[in-house]
2 protein chains.
Amino acid sequence: MLKKIGIPQETARRLSLYLRSLRRLGQQGVDLASSEEITGFLNISPAQFRKDLSYFGGFGKRGVGYEVKVLRKEIEKILGTDVIWKIVLVGVGKLGSALLGYRGFVEFNLQIVVAFDNDPGKIGKIWEGIKIEDISKAKKIIKKNKIKIAILSVPAQAAKELSKELVSYGVKAILNFAPINLVLPKNIFVSNVDMASELESLVYKLKRS
Amino acid sequence: MLKKIGIPQETARRLSLYLRSLRRLGQQGVDLASSEEITGFLNISPAQFRKDLSYFGGFGKRGVGYEVKVLRKEIEKILGTDVIWKIVLVGVGKLGSALLGYRGFVEFNLQIVVAFDNDPGKIGKIWEGIKIEDISKAKKIIKKNKIKIAILSVPAQAAKELSKELVSYGVKAILNFAPINLVLPKNIFVSNVDMASELESLVYKLKRS
DNA sequence: ACGTGTGAACCGATTCACAGCA
DNA sequence: TGCTGTGAATCGGTTCACACGT
């Protein structure tokens, strides 16, 4: 319930990148690595890496570096990927079904356990090993499984209302793909993936480069 | 060629949100709106809105507000959405095909003109009105059409190499969906969409809330 | 000697608060 | 009067540089 303060927002995102780098080094058989080697693949400075870790403790050996395996486990613990997180996906349109099959979630122990839609043609089907349920069953299923995280991939006009419903069922965090601002209580975490806006920023940079 | 300095990175992203808000107000028949009304839908303060606009000029009337239509056109001009930008999509997998059909790009005058893949089963097909070409034709097509922007939705192991190729053909900006850091010249703009890492950050926040 | 860990300096961006103008 | 436009203050985060421990 208490919120530790003083840790930058971006640190969490970077930690997940460090994790990828450490896994890669581990696969290459590297046991010991310096901050320079770990950030070598990434676009992040060694100093930033050390600073980020310093918020959580000292995991390295001065004059030596970091034990790849140990640090990997520590970061997994910090991020919470040491246990499986169940998530639901709402909206099995084109994007939604692509996400159902997305392999990248596994590496962070994220598991889509069920998907919801309102299209009778989809309900009852199993796609990518995941059952598609009627959205009307969301309340029961989310409550029963104590799901805390939802991926929202529905059209913009439906997103606002649906997000409120999901929250009322116990969802605390939403990864939102609808290009609209969700209005939710402050204790609910929302992360927006806005692909059009992202591309647009690139256009803008191109234009003035 | 000259780069105007002093404009925050985030300002461009917010401008695209303002644009959406202005379109919405326009559709509702609103002619005049204050910074407070324009940002009402968004999660952005009126002061931030005014500050962002101030980098480009004074578009409002003191004591009154902004003309919705006029401001919309001004922002479109700033962002570059006043003309059509041709883009290519590389990698027509699940995610790639979902992006081919994504409607959100149109609002920013972004047009996917061709897609590339290396799967013979897909090459030559037309999906969502977009022709899928052999990746080996990318050089010719990109050069001929002077394409500057690419969406990269291929597996991580292919992304690094492909991104370099695209750049050698003249691509200057990449929207990258592969969970890997692309190593490219500094004058190339890359925007990463890392859905797994995004979700992971939500887990982290949940854990320590 | 070497690379970590970290306080301090720095930098960029947001917020504040009010002057300026319709 | 009301809302914009904007310097100034503030805030948060990154970078620097070096003390520290092995």
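Chain letters run A, B, ... following the sequence lines, proteins first, then strands; residues in each count from 1.
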Problem - Side-chain donor/acceptor of A:Ser21 to backbone N/O of A:Tyr18, under 3.5 Å - result: no

Problem - Distance in angstrom units between B:Arg13 CZ and C:dT14 C1', rounded - result: 16 Å

Practice task
Indicate yes or no for a side-chain donor-acceptor contact from A:Thr81 to the backbone of A:Asn109 under 3.5 Å, with no hydrogens or angles considered.
Solution key: no

Problem - Ion pair check, A:Arg13 and A:Glu10, cut-off under 4.0 Å - result: yes

Exercise for the section: Using the ring pair (Phe, Tyr, Trp, His ring centres under 6.0 Å) rule, collect all pairs that involve residues 140-186 of chain B, keeping only residues at least two apart or in two chains. Expected result: none

Let me have the donor-acceptor pairs involving side chains of residues 189-197 of chain A, under 3.5 Å, with sequence neighbours excluded, atom names and distances please.
| from | atom 1 | to | atom 2 | distance (Å) |
| --- | --- | --- | --- | --- |
| A:Ser191 | OG | B:Glu198 | OE2 | 2.9 |
| A:Asn192 | OD1 | A:Asn176 | ND2 | 2.8 |
| A:Asp194 | OD1 | A:Ser197 | N | 3.1 |
| A:Asp194 | OD1 | B:Arg20 | NH2 | 2.9 |
| A:Asp194 | OD2 | B:Arg20 | NH1 | 2.7 |
| A:Asp194 | OD2 | B:Arg20 | NH2 | 3.2 |
| A:Ser197 | OG | B:Ser16 | OG | 2.8 |

Practice task
Do nucleotides 8-13 of chain C as a string where each nucleotide becomes B, S or -: B if the base has a protein heavy atom under 4.0 Å, S if just the sugar-phosphate does, - if no protein is that close.
Solution key: B----S

Fill in the blank from the handout: Applying side-chain contact (heavy atoms from CB on, under 4.5 Å) to B:Lys77 and not counting sequence neighbours gives B:Glu74, B:Asp82

Problem - Expected output: side-chain A:Asn181 to main-chain B:Phe41 donor-acceptor under 3.5 Å - result: yes

Exercise for the section: Take the protein atom CG of A:Leu32 and the nucleotide atom C1' of C:dT4, then report the distance between them rounded to whole Å. Expected result: 12 Å

Exercise for the section: Using heavy atoms and a sub-4.0 Å distance, could you list which residues of residues 58-82 of chain A are near DNA chain D? By number, please. Expected result: A:Arg62, A:Gly63

Problem - Pair A:Glu67 + A:Lys61: basic N to acidic O under 4.0 Å - result: yes

Handout entry: Side-chain heavy atoms of B:Ile142 within contact of B:Val114, under 4.5 Å
Key = no

Handout entry: Selection: residues 33-47 of chain B, any non-hydrogen atom under 4.0 Å of DNA chain D
Key = B:Ser34, B:Ser35

Handout entry: Flag, side chain of B:Asp117 to backbone of B:Val92, donor-acceptor distance under 3.5 Å
Key = yes

Exercise for the section: Using whole Å, report how far CZ of B:Arg50 lies from P of C:dT14. Expected result: 15 Å

